[in-house]
2 protein chains.
Amino acid sequence: MLSIGKLSAATGVKVPTIRYYEQISLLPEPKRSGGNQRFYDHKALERLRFIRHSRELGFSLEAIRDLLSLSDNPDQPCAAADAIARAQLAEVESRLARLMALKTELQRMVVQCAGDTISDCRVIEVLSDHAHCLTDHLVGDDALPLAGGSQPLPADAL
Amino acid sequence: MLSIGKLSAATGVKVPTIRYYEQISLLPEPKRSGGNQRFYDHKALERLRFIRHSRELGFSLEAIRDLLSLSDNPDQPCAAADAIARAQLAEVESRLARLMALKTELQRMVVQCAGDTISDCRVIEVLSDHAHCLTDHLVGDDALPLAGGSQPLPADAL
DNA sequence: CTTGAAGCTCTAGTTGCTAGAGCAGTTATG
DNA sequence: CATAACTGCTCTAGCAACTAGAGCTTCAAG
């Protein structure tokens, strides 16, 4: 039996995050000891490790919720898990492609800057006008939804 | 003079987003016409284009705020703008490295899945145990702050 | 002159946490 | 046994960068 602090240390997930996961029902409510303190068993430890590892791989909490419910029913076919993983892979690949275009553009911008005054700074100039760019580092398809529907990858899992 | 709708069409930035930028003082308050409607001049158009392009390149609104104030003072040295751009480049490069590790791991996961039941699904198995992974797709340095201090790149600019 | 699109303000929701206030319970030391 | 220091508890509010919706007003076209 682990206190929440020990569980945190054992998994690398911060204490408030564990309570947050409980709040959104990603973790079940654990037993409480006399003075209302949470105590966790081995199953909870495993589940939290699963969550953490999935987060590291960029899965959203919603995807993880699905993956967990799949892993709770081991007799079902694994096609669903496979589909979630494939979707995540596709997501990562498309982000990779975009990031590589960004990197190219940023590099050009930085390299060309001669270090003079702002008035002839390449950085500012390039930012002012997309025509200076080589690639189409645009976001969407045609309406260019700058920030849009999904935000599957956690900002820090990149 | 452009209405907010025309400005939106001309820049690809959604109407509510324009109002949001005004609210956080990234755009100045525009003139209003008789019935309280916003009207924008050419300067506002340029400024919004600058913002949009910077967002496409992954700069945070805070970084853009700095870049804008730099571009408003063209006599100053451009070292500051250069530094912001270099920081952004470094950020993008580190995200790229992480994303590539993720991609490798996800690919391995997906390829190995034989399509049987969950009980012997590689996807679930790998997620359960980081030891299955080749790379250290871990986030932090030692404390592994799963999600942490900075979130410079907007989730959708990836 | 009427209709429908576009504009207005305001509040609240999204994701995945984090930070802080203000307590109560637990553990280590004197 | 007392006390300090730590860990835990609940609750609310905040972060980025928007998005969605309610409920209202104004404008342009036919």
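All values derive from a computational prediction rather than experimental measurement. Letters go in sequence order (proteins before strands), and every chain restarts at 1.
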Practice task
To the nearest Å, give me how far apart CD (A:Gln37) and P (C:dC23) are.
Solution key: 18 Å

Practice task
Pick out which of A:Gln37, A:Arg38, A:Met1 makes a side chain to side chain contact (heavy atoms under 4.5 Å, CB included) with A:Pro30.
Solution key: A:Arg38

Practice task
Figure out the CG/C1' separation between B:Leu2 and C:dA6, and round it to whole Å.
Solution key: 15 Å

Problem - Candidate pair B:Asp72 and B:Arg47, rule salt bridge (Lys or Arg N to Asp or Glu O under 4.0 Å), full reasoning - result: CA-CA 10 Å; B:Asp72 288 342; B:Arg47 197 174 175 91; 3.3 Å; yes

Problem - Euclidean distance, atom CD of residue B:Glu22 to atom C1' of C:dG7 [Å, nearest integer] - result: 13 Å

Fill in the blank from the handout: Taking for B:Phe39 and for B:Glu62 the nucleotide of DNA chain D with the nearest heavy atom, the one nearer the 5' end belongs to B:Glu62

Handout entry: For atom CG of B:Leu27 and atom P of D:dA17, their distance in whole Å
Key = 15 Å

Problem - Phosphate contact (D:dC9 OP1 or OP2) by A:Arg19 side-chain N/O below 4.0 Å - result: yes

Exercise for the section: Output yes when B:Glu46 and B:Arg49 qualify as a salt bridge under the 4.0 Å nitrogen-oxygen rule, no when they do not. Expected result: no

Handout entry: Distance, rounded to the nearest Å, where A:Ile18 contributes CD1 and C:dC17 contributes C1'
Key = 13 Å

Problem - Length of the line joining B:Leu26:CG and D:dA16:C1', which is rounded to integer Å - result: 13 Å

Practice task
May I ask you to say whether A:Arg19 pairs ionically with A:Glu22, meaning some side-chain N is under 4.0 Å from a carboxylate O?
Solution key: no

Fill in the blank from the handout: With the side chain defined as heavy atoms from C-beta on, B:Asn36 is closest, among C:dT26, C:dT9, D:dC9, to C:dT9

Completion exercise
Closest heavy-atom pair, B:Ala44 versus B:Leu27, reported as atoms and distance to 0.1 Å, is O-CD2, 4.4 Å

Problem - Under 4.0 angstrom between A:Tyr21 side-chain N/O and C:dC17 OP1 or OP2 - result: yes

Handout entry: Whole-Å distance separating the CD atom of B:Glu29 from the C1' atom of C:dC8
Key = 14 Å

Handout entry: D:dA16 phosphate, OP1 or OP2, under 4.0 Å from B:Ser60 side-chain N/O
Key = no

Practice task
Respond yes when some side-chain nitrogen or oxygen of A:Thr17 is under 4.0 Å from OP1 or OP2 of C:dG16, and no when none is.
Solution key: no

Practice task
Identify, between A:Gly35 and B:Arg38, the residue whose nearest nucleotide on DNA chain C lies closer to the 5' end.
Solution key: B:Arg38

Practice task
Considering just the side-chain nitrogens and oxygens of A:Arg32, establish if one lies under 4.0 Å of OP1 or OP2 belonging to C:dG25.
Solution key: no

Handout entry: Rounded distance in Å - NZ (B:Lys6) to P (C:dG7)
Key = 8 Å

Exercise for the section: Could you check which of D:dA17, C:dC8, C:dG16 has an atom nearest any side-chain atom of B:Ile4? Expected result: C:dC8

Exercise for the section: Would you tell me if any nitrogen or oxygen in the side chain of B:Lys14 comes within less than 4.0 Å of OP1 or OP2 on D:dT19? Expected result: yes

